[in-house]
Amino acid sequence: GAVVSQHPSRVICKSGTSVKIECRSLDFQATTMFWYRQFPKQSLMLMATSNEGSKATYEQGVEKDKFLINHASLTLSTLTVTSAHPEDSSFYICSARSATSGGLSSYEQYFGPGTRLTVT
Amino acid sequence: GNSVTQMEGPVTLSEEAFLTINCTYTATGYPSLFWYVQYPGEGLQLLLKATKADDKGSNKGFEATYRKETTSFHLEKGSVQVSDSAVYFCALGRNTPLVFGKGTRLSVIA
């Protein structure tokens with residue numbers, strides 16, 4: 001149990017275009033999803049926290065108009081990078097926290113495999 | 001606020017050597033502590049966890065004990081293998097988003 005998927009795993013886009021990344025909890029309901037960004041050889045930086053049906057909470061320094069997060073259901077959250085630029089190239093990782101069901105811990109975060117975004 | 005400090009890498013060991021990766025934390029309340037592993041080009045996998053003081057988490061030969069008195073959660077393995085080469089992240093959290101250390105890159109050579 002507790003599988004989180006991300007799609008796509010890799011994406012290359014041109015500067016100025018928008019890219020959408022999906023994060024799905026496959027076998028549990030996720031009341032909360034988190035989006036992290038990881039630069040090469042660095043740690044994970046929390047970008048935002050989203051709760052199903054409400055607006056995402058962004059960390060300081062993260063542009064909410066550039067990184068649009070939608071958490072429309074208990075199993076799906078999306079991150080849209082709008083008007084992407086080369087500096088947005090990074091590894092984006094989502095994670096999901098369970099709504100305390102099926103034996104899953106309510107405080108443990110389950111991570112997706114990540115999406116590598118390259119903006120040319 | 002909460003924070004995690006990990007030993008700087010990279011760490012290079014020969015196969016079958018003993019591994020210790022230090023992790024200390026600062027936190028309010030009583031967080032849970034985690035070790036995650038990231039293999040090249042992949043996402044994070046939970047390696048082990050401990051939810052309260054003196055708990056020992058273990059998995060795949062790795063161990064870590066939640067030490068409240070020293071605010072530490074050091075990762076150990078008695079005999080590393082080449083396949084253990086990866087980046088290891090210490091993290092803490094409970095009802096808040098996980099806070100991660102900077103990661104320690106481990107390279108094991110045959």
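Sequence lines set the chain letters: A, B, ... in the order given, protein chains first and strands last, and positions in each chain run from 1.
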**Q** A quick test of your reading: do over 12 heavy atoms of other residues, nucleotides or ligands sit less than 6.0 Å from CD of B/E16?
**A**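 Counting neighbours around CD of B/E16, 12 or fewer heavy atoms of other residues, nucleotides or ligands fall under 6.0 Å, so no.
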**Q** Sort A/Q38 into side chain, backbone, both or neither according to what part of it lies under 4.5 angstrom from a heavy atom of chain B.
**A**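 The answer is the side chain of A/Q38.
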**Q** Under a 3.5 Å distance rule, please check whether A/S43 uses its side chain to pair with a backbone N or O of B/G103 as donor and acceptor.
**A**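 Checked: no pair found.
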**Q** Would you say CD of B/E8 has more than 12 non-hydrogen atoms from neighbouring residues, nucleotides or ligands within 6.0 angstrom?
**A**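 Open.
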**Q** Rounded to the nearest 0.5 Å, what separates atom CE in A/M45 from atom CZ in B/F100?
**A**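 One gets 13.0 Å once the value is rounded to the nearest 0.5 Å.
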**Q** If you look at every heavy atom in B/L98 and A/Y36, which pair is closest and at what distance?
**A**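 Nearest heavy atoms, B/L98 then A/Y36: O-OH, 3.2 Å.
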**Q** Any idea which heavy atoms bring B/P97 and A/F34 closest together, and the distance?
**A**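 Here B/P97 and A/F34 meet closest at CG-CE2, 3.3 Å.
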**Q** Taking NE2 in A/H7 as the centre, count heavy atoms belonging to other residues, nucleotides or ligands within less than 6.0 Å. Is the count above 12?
**A**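 Incorrect, the count does not exceed 12.
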**Q** Do other residues, nucleotides or ligands put more than 12 heavy atoms under 6.0 Å from B/Y39 OH?
**A**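 Count over threshold, so yes.
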**Q** Name the region of B/L44, side chain, backbone, both or neither, that has any atom closer than 4.5 Å to a heavy atom of chain A.
**A**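 Contact with chain A: backbone and side chain both.
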**Q** In this structure, are over 12 heavy atoms from other groups packed under 6.0 Å from A/I12 atom CD1?
**A**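 12 or below, so no.
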**Q** Among B/R105, B/Q45, B/Q38, which residue forms the greatest number of heavy-atom pairs with chain A at distances under 4.5 Å?
**A**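 It is B/Q38.
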**Q** Any chance NZ of A/K66 has more than 12 other-residue heavy atoms, nucleotides or ligands included, within less than 6.0 Å?
**A**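 For A/K66, atom NZ is crowded (more than 12 foreign heavy atoms under 6.0 Å).
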